[in-house]
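One structure below.
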Amino acid sequence: MVKVRKRLTAVMMTAAILVGSVSLPKGVVRAEEVPFVDISTDLISLSPQADEVKMNVAARNMPEGTALAFTVADVSICGVEWVDQDTKGYTQLSYKRGAALGETVVTVFVKDNPAVASRIRVTNKDAADSYVYEGDGNMNIHGLNMPPVPYDVHVVSTDADGYFGLVYSNAAGESKVLVNKMGAYEGSTTIEKGANATSLQVLASGHWQIVMTPVLQFTTMTQSGVGNMVSGRFKGDDGTHDVYCANWAEKGNYIVWLYDLNDDSRLLLANGVGTYGRKKKNVYLNPSHSYYLSVQSEGKWLVEFSGK
């Protein structure tokens, strides 16, 4: 109720401001809007798979005759140059992978007013087969260009009273919501084919960490666990199986996907809410293919394969 009242108060205040702006007395001059520089991402990840990334820079309310400039804290990590320099509107910067590994900061600012600036973190990795990102609040991460293998995306969000959302996008402009949770959260989800992911958008109110690891380790078919999890891979056995899926959480979704790494297909093994116990019959596992499981659950669960 308190939150609703706050929202209503904010709306009423906004309405009052808008109404007031219509009836300003004659002779009253509005304060000029200050110059503003915006970068379309917060972190750029350079690697052998993404040795150059181009990103937009937006400049607003720029006084006539002024221009943008940039500085790089460590040019051995990242080289930067203008793709198309302009004093107003949109322009682009190109971030190029340097010889040294590590992290640096690029600052874009108004040339005659360095206080008006926007900063971006740039990481340079030796290999992009795994990723670890950590931050506070919202962040956009660009330049992933991940290898064409499936990924286990493990997330930890520590804000007990806040929100955490994670969305990935690919080069075709398609997006997928990976996490959408209130309160503190820890769990895993999957990106089916890493090469499709080019950027991540983090929506958060507190501290978080994202660890993305290729699904490479081999494991057994039958799996059990607690909460959201992505299994390792396992080989097919030329068998047709009944797959028993059980969930002992009293609330929340229970969803189990079986992914085929060879033909990029997936099969829904379970889809329910709360306590669950059913069999998916006649699931054939090709002996020349590898598979893995992705499980969404609020509690303890089991996925058991039985041969015929």
Side-chain angles (χ1 to χ4, degrees), residues 38-51 53 55 71-74 76-78 80 93 95 97-98 100-108 117-147 149-170 175-192 194-217 225-230 294 296:
D38 182 36
I39 297 176
S40 54
T41 192
D42 302 299
L43 187 149
I44 288 178
S45 180
L46 299 174
S47 68
Q49 283 82 17
D51 58 2
V53 174
M55 292 302 300
T71 59
V72 184
D74 189 339
S76 65
I77 292 176
C78 172
V80 182
L93 282 174
Y95 302 81
R97 186 171 187 255
L101 304 180
E103 181 176 309
T104 189
V105 174
V106 177
T107 304
V108 182
S118 188
R119 294 169 180 83
I120 183 169
R121 291 167 54 199
V122 181
T123 65
N124 182 15
K125 300 181 179 183
D126 187 33
D129 58 349
S130 61
Y131 304 77
V132 179
Y133 298 120
E134 192 166 0
D136 294 276
N138 297 343
M139 180 177 288
N140 294 317
I141 304 169
H142 192 85
L144 298 182
N145 290 354
M146 297 155 68
V149 296
Y151 272 77
D152 174 349
V153 182
H154 187 78
V155 171
V156 177
S157 176
T158 59
D159 188 355
D161 300 318
Y163 169 76
F164 184 86
L166 180 63
V167 180
Y168 87 81
S169 300
N170 62 23
S175 297
K176 178 183 178 181
V177 177
L178 296 177
V179 181
N180 181 27
K181 292 289 184 180
M182 294 298 299
Y185 168 77
E186 180 173 3
S188 290
T189 185
T190 186
I191 295 177
E192 297 94 318
N196 290 336
T198 58
S199 64
L200 291 173
Q201 181 183 17
V202 179
L203 302 171
S205 53
H207 187 75
W208 51 266
Q209 183 187 64
I210 301 170
V211 180
M212 300 190 294
T213 309
V215 180
L216 298 175
Q217 298 297 320
V226 178
N228 295 353
M229 194 189 89
V230 176
S294 178
Q296 180 181 340

With a 4.5 Å cut-off on side-chain heavy atoms, are [Y] and [X] touching?
X: Met139; Y: Tyr133; value: no
X: Tyr131; Y: Ile210; value: no
X: Lys181; Y: Val155; value: no

Atom [atom1] of [X] and atom [atom2] of [Y]: how far apart are they, to the nearest 0.5 Å?
X: Tyr168; Y: Ile141; atom1: OH; atom2: CD1; value: 15.0 Å
X: Ser205; Y: Met182; atom1: OG; atom2: CE; value: 7.0 Å
X: Leu46; Y: Lys125; atom1: CG; atom2: NZ; value: 10.5 Å
X: Leu144; Y: Leu200; atom1: CG; atom2: CG; value: 5.0 Å
X: Ser199; Y: Asn170; atom1: OG; atom2: CG; value: 8.5 Å
X: Ile120; Y: Ile44; atom1: CD1; atom2: CD1; value: 3.5 Å

[Y] backbone acceptor or donor facing [X] side chain under 3.5 Å:
X: Asn124; Y: Ala100; value: yes
X: Thr190; Y: Asp152; value: no
X: Asn140; Y: Asp42; value: no

Please name the pair of heavy atoms, one in [X] and one in [Y], separated by the smallest distance, quoted to 0.1 Å.
X: Trp208; Y: Ala204; result: CD1-CB, 3.6 Å
X: Val230; Y: Ser188; result: N-CB, 3.9 Å
X: Gly137; Y: Val202; result: O-CG1, 4.1 Å

### Query
What residue among Asp159, Asn228, Thr158, Asn180 forms side chain to side chain donor-acceptor pair (under 3.5 Å) with Tyr185?
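The passing option is Asn228.
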### Task
Not counting sequence neighbours, which residues clear side-chain hydrogen bond (donor to acceptor under 3.5 Å, both in side chains) with Gln217? List them please.
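So Gln217 forms no side-chain hydrogen bond (donor to acceptor under 3.5 Å, both in side chains) with any residue.
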### Message
Quick one about Gln209 and His154 (side-chain donor to acceptor, distance below 3.5 Å, no hydrogens or angles considered), yes or no?
### Response
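No, because no side-chain N or O of His154 sits under 3.5 Å from a partner of the opposite role on Gln209.
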### Query
Of Val72, Val122, Thr104, which meets side chain to side chain contact (heavy atoms under 4.5 Å, CB included) against Tyr95?
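Passing option: Val122.
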#### Entry: Any residue meeting side-chain contact (heavy atoms from CB on, under 4.5 Å) with Asp51, in chain and number order, not counting sequence neighbours
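Result, side-chain contact (heavy atoms from CB on, under 4.5 Å) vs Asp51: Arg97.
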### Residue list, salt bridge (Lys or Arg N to Asp or Glu O under 4.0 Å) with Glu103, at least two apart or on another chain
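Once residues adjacent in sequence are excluded, the partners of Glu103 under the salt bridge (Lys or Arg N to Asp or Glu O under 4.0 Å) criterion are Arg121.
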